[in-house]
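Written below as structure tokens is the structure these notes are about.
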Amino acid sequence: MTDKTQGAVRVRFAPSPTGYLHVGGARTALFNWLFARCQHGTMILRIEDTDAERNKPELVTGILDGLKWLGVEWDEGPFYQSQRTELYREAASKLLANGSAFLCYCPAEKYAGGDHAEPGQDEEPKGGGARRVTRCSCRDGKPSTPGVKPAVRFKVPLGGATKFTDVVFGETGFANDEIEDFVLLRSGKGDEEFGQSMYQLGVVVDDIDMRITHVIRGADHLSNTPKQVLLYRALGAEPPLFAHVPLILGADKKRLSKRHGATDVNMYRAEGYLPEAFRNFLVLLGWSPGNDDQYLRTSELIERFSLEGVSRTNGVFDQDKLAWFNTQYLQKLPIEELLPEVEAVLKRANLWREEWAAGAAPGPDGRDHAWFSRTVDLLRPRVRLLPDFATWSRAFFSDDFPIEQAARDKFWKDPKVPELLARQADALAALPEWNHDACDHASRAVAEAAGVKAGLLINACRVAIVGQAVAPPLFDTMVALGQERVVTRLRKTLRVN
RNA sequence: GGCGCUAUGGUGCAACGGUUAGCACGCGGCCCUUUCAAGGCCGAAAUACGGGUUCGAUUCCCGUUAGCGCUACCA
């Protein structure tokens, strides 16, 4: 919690559409959302698309989808910075007018994109002990260069320091001489006098305009913060509270990137992770409720979230732990919440039947919603990812399924198997009642009569009716499949194998 | 190179001057067992290093080392 809670809390998540929704960004969004919810505040979504060159508008949809999947909802927006250009230009002229900014005529191409870019100065070496040049020679006024359109730079105070208190990192200070005269507004192109706003100006102007009270963002912005604090003051505004959250690293402790595996949130959705599991995992990376609790559902997360629980150390994205969370949720999620996810997966695999929907009439084989629910419940302890319901569990939803070679090799190698399965089929076909115990007793009787261990029959039978060595307990499986299917599959196995 | 931030098992977090340094993932073993999971029990595994401060440091301070971040007319 924070000390100054006068007025309602207003936070924002401000992604840039230069890529997909990265897990780091997703976590930042999550923290903002959780904070907004637990403070009964407002969550705002803002798209920071001021760089026309890198910006890919079509990426916004994916970002929004990713947020929605994670359950991160916003109350206002999305606002697009590309549509707020006037606001930034007004702010820039205000800064120009009050002496906080100046026009810079240094040629843009000279510095653009280069590692060695130094404002206003020529080839200053980057390393080598030479003092870095942070002051632009245009800052004290310079005659306009014909043919060169100026950019607007901030006139950073000479000497002194800019300090601020970060909610998670504490007191932080930077010597002003370390801060360069950063660009506020790009120089104009074509007949435009000025171009788009730069990041620093845009965030500050918007955060003021949107009355943001808490800026929760990645720690990579820690070093940018003094620039922004300076801007707030120059604009005559009070800075918000800053809360920087640690970065997410790959297994090698390097910044998380593609080579560490998936970093796109939508890829996890595609792979079949449950959003609640993914979120639970993500929120615990860099945040702790203060004790050893780990399994936290949405309501608990909202209730227990606090900025004080945010860690200061970068964390490694652990795929194994994510997988564990997913299996936990697959098992513990209330069945009604799991069913829609399974339905979606089956539809995608063309295995879904409308009679399994809630309230629908049973199909010709007697299967209805209750059967579907029971079956999913039976299957879920062994499922690792959602698509497993359509692949690994295929034999439960379709009569068209393969018999795995590895399963035959493992459980059909005993020469007595065909004979056993034939007797099993007859015994099961003769059962007047079809339930777990009936199947159990009948099967064990068959094994006993044949003088083999029940396990031999059970395992062989499993392969015959679901095609795999791995499945739920056999007699439960038989009940889920139904008498007719089980007998049919057994006899078909004897015919074709 | 400069500036900033960080430092508890392999990984994520607890312990916020006094604990046999706790939990979880992963790893190894055992139990359960009808395959595979799940579950239960047990085990290996950590305070980066060096100085202080203190009766007492994982905890506070300084240095070293390491990692990360920023150092763009990117965000």
Side-chain angles (χ1 to χ4, degrees), chain A residues 14-16 18 48-51 53-55 104 106-119 125-132 134 150-153 166 169-170 172-175 177-180 182-187 195-196 198-200 202-203 218-226 244 246-247 249 251 253-255 281 284-295 309 311-325 327-328 331 380-384 407 410-411 440 443 453-459 461-463 468-475:
Chain A
S16 174
T18 51
E48 310 217 321
D49 54 351
T50 51
D51 186 344
E53 322 251 297
R54 298 169 181 242
N55 188 31
C104 171
C106 297
E109 325 74 74
K110 190 167 178 182
Y111 308 105
D115 263 6
H116 300 268
E118 300 294 348
K126 191 172 183 174
R131 185 168 183 76
R132 208 171 72 84
T134 57
V152 178
R153 282 185 191 271
D166 188 276
F169 285 93
T172 311
F174 289 76
D177 291 341
E178 292 294 334
I179 305 171
E180 62 170 342
F182 54 98
V183 174
L184 261 19
L185 225 49
R186 292 174 171 88
S187 52
Q196 288 265 282
M198 288 290 284
Y199 168 71
Q200 313 287 359
V203 246
D220 48 342
H221 286 296
L222 204 53
S223 312
N224 285 324
T225 308
H244 287 91
L247 269 18
L249 311 175
K253 304 256 185 141
K254 298 291 183 197
R255 196 184 190 135
F281 163 72
L284 252 23
L285 223 187
W287 175 79
S288 156
N291 62 9
D292 291 330
D293 292 348
Q294 290 198 104
Y295 185 82
S311 148
R312 283 176 299 279
T313 63
N314 293 166
V316 173
F317 190 89
D318 184 353
Q319 302 273 352
D320 286 337
K321 187 129 189 190
L322 168 60
W324 177 79
F325 265 112
T327 56
Q328 289 298 303
Q331 290 188 72
R380 63 163 156 174
R382 264 151 276 255
V383 167
R384 325 236 16 128
K410 188 171 180 188
F411 292 125
D440 190 337
S443 302
K453 283 190 296 183
L456 180 65
L457 204 218
I458 287 170
N459 290 327
C461 192
R462 177 181 299 108
V463 175
Q468 302 175 141
V470 176
L474 185 68
F475 308 124

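Computed over heavy atoms, backbone and side chain alike; hydrogens, waters and symmetry mates excluded. Here is how names work: the chains are called A, B, and so on, in the same order as the sequence lines, proteins then strands, and each is numbered from 1. Please read these numbers as outputs of a predicted model, since none were measured by experiment.
- Rounded to an integer number of Å, the gap from OH of Tyr295(A) to C1' of C13(B) is 19 Å.
- Stem analysis of RNA chain B (Watson-Crick or G-U pairs, both distances under 3.5 Å, runs of at least three) returns B:1-7 with B:65-71, B:10-13 with B:22-25, B:27-31 with B:39-43, B:48-52 with B:60-64.
- The shortest distance between the side-chain N/O atoms of Lys253(A) and the OP1/OP2 oxygens of U6(B) is not below 4.0 Å.
- Of the candidate nucleotides G4(B), A75(B), C68(B), A75(B) has the atom lying nearest to any side-chain atom of His221(A).
- Nearest nucleotide to the side chain of Thr313(A), out of C74(B), U6(B), C5(B): U6(B).
- Residue Asn314(A) contributes atom CG, which lies 9 Å from atom C1' of C5(B) at whole-angstrom precision.
- Across the protein-nucleic acid pair, Leu249(A) atom CG and A7(B) atom P stand 14 Å apart, rounded to whole Å.
- Partners of Arg255(A) by side-chain contact (heavy atoms from CB on, under 4.5 Å), not counting sequence neighbours, listed by chain and number: Asp220(A).
- At a threshold of 4.0 angstrom between heavy atoms, the contacts of Gly195(A) with the nucleic acid are absent.
- The distance from the SG atom of Cys461(A) to the CZ atom of Phe475(A) is 8.0 Å, given to the nearest 0.5 Å.
- At the heavy-atom level, Gly218(A) lies nowhere under 4.0 Å from the strands shown.
- Mapped onto RNA chain B by nearest heavy atom, Gly173(A) and Leu247(A) fall at different nucleotides, with Gly173(A) at the one closer to the 5' end.
- No contact: Glu53(A) has no heavy atom under 4.0 Å from any strand.
- The closest donor-acceptor contact from the side chain of Arg186(A) to the backbone of Thr50(A) lies under 3.5 Å.
- The CG atom of Asn55(A) sits 6.5 Å away from atom OG of Ser16(A), with the distance rounded to the nearest 0.5 Å.
- Whole-Å rounding puts the Gln200(A) CD to C73(B) C1' distance at 12 Å.
- At a threshold of 4.0 angstrom between heavy atoms, the contacts of Ser16(A) are confined to the sugar-phosphate backbone, with no base atom among them.
- At whole-Å resolution of the value, CZ in Phe174(A) and P in G2(B) are 16 Å apart.
- When the side-chain nitrogen and oxygen atoms of Arg312(A) are compared with OP1 and OP2 of C16(B), none of them lie within a distance under 4.0 Å.
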Criterion side chain to side chain contact (heavy atoms under 4.5 Å, CB included) on Leu322(A) and Phe317(A), from CA distance to verdict: CA-CA 8 Å; Leu322(A) 168 60; Phe317(A) 190 89; 4.2 Å; yes
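- Contact of Arg186(A) with A75(B) (side chain to base): no donor-acceptor pair of N or O atoms is detected under 3.5 Å.
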Pair Thr172(A)-Thr225(A), side chain to side chain contact (heavy atoms under 4.5 Å, CB included): steps then yes or no: CA-CA 10 Å; Thr172(A) 311; Thr225(A) 308; over 6 Å; no
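- Atom CH2 in Trp287(A) sits roughly 13 Å away from atom C1' in A14(B) (whole-Å rounding).
- Set against U11(B), G4(B), A72(B), the side chain of Val316(A) has U11(B) as its closest nucleotide.
- Checked against side-chain contact (heavy atoms from CB on, under 4.5 Å), Asn314(A) has the following partners two or more places apart in sequence or in another chain: Pro246(A), Leu247(A), Leu249(A).
- Nearest heavy-atom pair across Leu457(A) and Ser443(A) is CD1-O, 3.2 Å.
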Where protein sits on nucleotides 22-42 of chain B, one letter per nucleotide: B base, S sugar-phosphate only, - none, heavy atoms under 4.0 Å: BSBSS-------BBBBSS---
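- For Ser187(A) and C73(B), a side-chain-to-base donor-acceptor distance below 3.5 Å is present, hydrogens and geometry of angles not being considered.
- Gly290(A) comes within contact range of the sugar-phosphate backbone alone, with a heavy-atom separation under 4.0 Å but no base atom that close.
- For the P atoms, the distance linking U59(B) with G18(B) amounts to 11 Å, nearest Å.
- In terms of the side-chain contact (heavy atoms from CB on, under 4.5 Å) criterion, residue partners of Pro473(A) (sequence neighbours excluded) are, by chain and number, Arg382(A), Asp476(A).
- Atom CZ of Phe325(A) is separated from atom P of C13(B) by 11 Å (rounded to the nearest Å).
- For Val463(A), the side-chain contact (heavy atoms from CB on, under 4.5 Å) criterion is met by Ile403(A), Ala407(A), Phe411(A), Trp412(A), not counting sequence neighbours.
- Comparing U11(B), G4(B), C73(B) by their closest approach to the side chain of Met198(A) singles out C73(B).
- Mapping Phe169(A) and Asn224(A) onto RNA chain B by nearest heavy atom places Phe169(A) at the nucleotide closer to the 5' end.
- Rounded to a whole angstrom, the distance from the P atom of U71(B) to that of A14(B) is 29 Å.
- Rounded to whole Å, atom P of C74(B) lies 11 Å from atom CG of Leu185(A).
- At A14(B), one or more side-chain N or O atoms of Ser288(A) fall inside 4.0 Å of OP1 or OP2 (strictly under the cut-off).
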Met198(A) vs Leu184(A), side chain to side chain contact (heavy atoms under 4.5 Å, CB included): CA-CA, chis, key distance, verdict: CA-CA 5 Å; Met198(A) 288 290 284; Leu184(A) 261 19; 5.9 Å; no
